[in-house]
Amino acid sequence: MTPGIPPRKSARRVEPEILDNLPPDAEGVREARRDLRRINAIMGNHRWIRSALQRLVQPDDRVVELGAGDGSLALRARDVIRNASGSRYSALDLAPPPHDWPGGLEFEWIQGDWRESCARHAPDVVVANLFFHHFDDAELRAGAAAFLASARVIICREPARHRAWMRHLLLPLGLHPITRHDMAVSIRAGFLHSELPQALGLDKNWRVRVRHTLFGAYEMTALRATGGTR
């Protein structure tokens with residue numbers, strides 16, 4: 001290696017995560033979900049996404065969350081949606097809704113594939129928390145085509161690939177073996193710099209802001225400069 005030139009960051013590596021392939025009532029799922037809530041709290045993911053929604057959601061918007069998991073992000077954003085007159089929140093996931101899902105006209109749970117659901121529901125605002133890293137670049141480009149025609153805003157937090165040391169700091173929390181495995185896989189599949197907007201196919205009509213946080217998050221907001229189709 002040439003002296004003074006830092007090594008290149010390794011390429012993304014997308015591998016299966018254990019939690020994604022377990023039924024909701026399988027052994028260890030409850031503990032792994034608990035760990036995810038703790039990790040989200042430490043990384044500040046839900047807090048930041050809620051703040052971004054507060055700034056960017058407009059009346060009558062349809063907000064669609066990809067990979068809603070146990071619904072905890074949606075529950076945290078509940079007041080934001082109710083304060084934006086006429087807005088609705090659709091949570092997409094392969095799993096059924098959690099027992100405490102609020103329901104009603106403003107909150108809809110859609111069980112199924114995110115690509116098919118986005119194509120049907122035409123979101124104005126797309127939210128993703130620790131979701132996009134599950135897919136390779138070709139899958140992201142194909143999936144994004146389902147919402148880019150309508151979306152005006154994309155808000156997401158993903159693992160930052162250069163923050164692998166965070167995993168070692170979290171180990172003393174007593175994480176479940178599923179979490180320890182999936183955390184390492186997630187970081188290897190995380191993003192750096194302009195990788196995610198490029199993978200999603202965001203062109204010059206999008207104003208994109210990317211930031212890497214101290215606590216291991218890759219943060220992206222994208223605003224369509226010319227507006228989407230309602």
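Computed from heavy atoms alone, side chains included, the values below leave out hydrogens, waters and symmetry copies. Sequence positions, counted from 1, serve as the residue numbers for this chain.
When all heavy atoms of Ala128 and Ile49 are compared, the closest pair comes out as O-CD1, 4.2 Å. When all heavy atoms of Val29 and Pro24 are compared, the closest pair comes out as CG1-O, 3.5 Å. Of all the heavy atoms in Val125 and Asp61, the pair that sits closest is CG2-OD2, 3.6 Å. Closest approach of Pro16 to Val185, counting heavy atoms only: O-CG1, 4.0 Å.
Under the 4.0 Å criterion applied to side-chain N and carboxylate O atoms, Glu195 and Arg12 are not assigned as salt-bridge partners. Checked for salt-bridge contact, Arg209 and Glu219 meet the test: a charged N lies under 4.0 Å from a carboxylate O. Salt bridge absent: Arg180 and Asp35 never bring a charged side-chain N and a carboxylate O closer than 4.0 Å.
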Donor-acceptor pairs are to be reported for all side-chain atoms of residues 90-102 against protein atoms at under 3.5 Å, with residues two or more places apart or in another chain.
unit_1, atom_1, unit_2, atom_2, d
Ser90, OG, Arg62, NH1, 2.9
Ser90, OG, Glu108, OE1, 2.8
Asp93, OD1, Ala95, N, 2.8
Asp93, OD2, Ala68, N, 3.1
Asp93, OD2, Gly69, N, 2.7

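Classified by interplanar angle (parallel below 30°, tilted 30° to 60°, perpendicular above 60°), the ring pair Trp114/Phe132 is perpendicular.
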> side-chain contact (heavy atoms from CB on, under 4.5 Å) between Thr179 and Arg38: does it pass, once the steps are laid out?
Replying inline: CA-CA 11 Å; Thr179 308; Arg38 295 161 76 190; over 6 Å; no

>> One pair to check against side-chain contact (heavy atoms from CB on, under 4.5 Å): Leu192 and His212. What are the steps and the verdict?
In response: CA-CA 8 Å; Leu192 292 173; His212 305 137; 4.2 Å; yes

> Does the pair Thr213 and Met43 meet the rule for a side-chain contact (heavy atoms from CB on, under 4.5 Å), with working shown?
Replying inline: CA-CA 8 Å; Thr213 75; Met43 294 176 70; 5.9 Å; no

>> Test side-chain contact (heavy atoms from CB on, under 4.5 Å) on Tyr218 and Leu196; report intermediate values, then the result.
In response: CA-CA 9 Å; Tyr218 175 97; Leu196 181 55; 3.6 Å; yes

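Put simply, the side chain of Arg13 never gets that close to the backbone of Ile187: no donor and acceptor are under 3.5 Å apart. Checked by atom type and distance alone, the side chain of Asp182 pairs as donor or acceptor with a backbone atom of Leu19 at under 3.5 Å. Under the 3.5 Å distance criterion, the side-chain polar atoms of Thr221 are left unmatched by any main-chain donor or acceptor of Ile155. When atom types are taken as modelled, the side chain of Arg152 and the backbone of Leu56 share a donor-acceptor pair closer than 3.5 angstrom. Under the 3.5 Å distance criterion, the side-chain polar atoms of His46 are left unmatched by any main-chain donor or acceptor of Ala41. The backbone N or O of Ala217 sits nowhere less than 3.5 Å from a side-chain atom of Glu158 that would complete a donor-acceptor pair.
Hydrophobic cluster membership is shared by Phe135 and Phe147, with clusters built from Ile, Leu, Val, Met, Phe, Trp and Tyr side chains linked at under 4.5 angstrom.
Using modelled atom types, one finds no donor on one side chain facing an acceptor on the other under 3.5 Å when comparing Glu15 with His181.
Under the rule for a salt bridge (charged side-chain N to carboxylate O under 4.0 Å, His left out), the partners of Arg37 that lie at least two apart in sequence or sit in another chain are Asp70. Take Arg88 and apply the salt bridge (charged side-chain N to carboxylate O under 4.0 Å, His left out) test, not counting sequence neighbours, and it matches no residue.
For Arg211, the CZ atom sits in a packed shell: over 12 heavy atoms of surrounding residues, nucleotides or ligands are nearer than 6.0 Å.
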